[in-house]
Amino acid sequence: MHAMVLTKSKSPLEWTELADRSPGPGQIRVRVSACGVCRTDLHVLDGELPDPVLPIIPGHEIVGRIDAIGPGVGGLAMGERVGIPWLGHTCGVCPYCLGARENLCDHPLFTGYTRDGGFATATIADARYAFPLGETGSDVALAPLLCAGLIGWRSLLLAGEGKRLGLYGFGAAAHIVAQVARWQGRSVFAFTRPGDAATQAFAKRLGVGWAGGSDQTPPEALDAAIIFAAVGDLVPLALKAVRKGGRVVCAGIHMSDIPSFPYALLWEERQLLSVANLTRQDGLDFLRLAPQIGIVTETTSYPLPRANEALADLRAGAFHGAAVLVPPAS
Ligand SMILES: [Zn+2]
Ligand SMILES: [Zn+2]
């Protein structure tokens, strides 16, 4: 197998030939056909997440087909198309696992961060954390659903039922969540970098009613806002934009420091909360719903050996929607 490997923080991934791996008990091997690129991959590369396991193969929006099945795996078939998300393993016995909050597990493994991920021609996964994807939709189009879609979905659940939803940072996750929220009958307000007319136009093409800069006041007070950009300065701005009792959800795994702000922005029972990871139930619920909603992902494909270019383009905001890596045909 081949993979793009991170051996040292803040250095480029390296195209590397590795020995083929065999699935152990409870595991499957997946021949990767597409893997999305997520902002979290940049945080892993930049050394912004604690205790990375190096060397590591990043990538946690994996679509592929099962080509080997380890002992003790049930319910999955050779050749079946599956998706592998960020949450790669949980302990099953900690208070969070036992309390239906496995996303907060005390001893988890995360794909592409603490276990090898999908910037590769093949990957090994814990079979219990692989989602059957069926045959509807292309591999590339489905890949962004595995993190941008899933984390967006969990953020939307935590944002509550409010009709007026603000999205700060209109990248891979927001462009999917906007479609879900519109399907649910909500009004969506997209906030981009000030002056980013191209992204505001992209948001409007997806049915977003209002799009403007993050420094602008929306025309109506919001019921809830989700912050996808890793920018702490957005927290007070979003709190200012939500009504009394409104909610602000921080969806990222890492964010720059939040500046101090007057208590009045939080008062009147506004809530500020974060989203961490996902549960398997989130995945099943969202992936069942996605085909009904008819989500259309905007993707830019890169050959897997050009992963560094895809990551640089993500950092620079050079495309709309999501970047997806495609391994060479073998
Ligand atoms: Zn991600
Ligand atoms: Zn646990």
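We use all heavy atoms of the structure for the numbers below, so side chains are in, but hydrogens, waters and symmetry mates are not. When a ligand or atom number is given, it counts from 1 through the structure's own listing order. Please read all numbers here as calculations on a predicted model, not as lab measurements.
- Between Cys38 atom SG and Cys147 atom SG, the angle centred on the Zn ion (ligand 1) amounts to 130° (nearest 10°).
- Pairing each heavy atom of Pro327 with each of Ser33, the nearest pair is CD-O, 3.5 Å.
- When every heavy atom of Ile62 is checked against every heavy atom of Cys35, the shortest pair comes out as CG1-SG, 3.8 Å.
- Backbone or side-chain N, O or S atoms of His107 do not reach the Zn ion (ligand 2) at under 2.8 Å.
- A ring pair (Phe, Tyr, Trp, His ring centres under 6.0 Å) with Trp86 is found for one member of Phe131, Tyr129, Phe110 and no other, namely Phe110.
- Around the Zn ion (ligand 2), the angle linking Cys91 (SG) with Cys105 (SG) is 100°, rounded to 10 degrees.
- Between Phe191 and Trp210, the ring centre distance stays below 6.0 Å.
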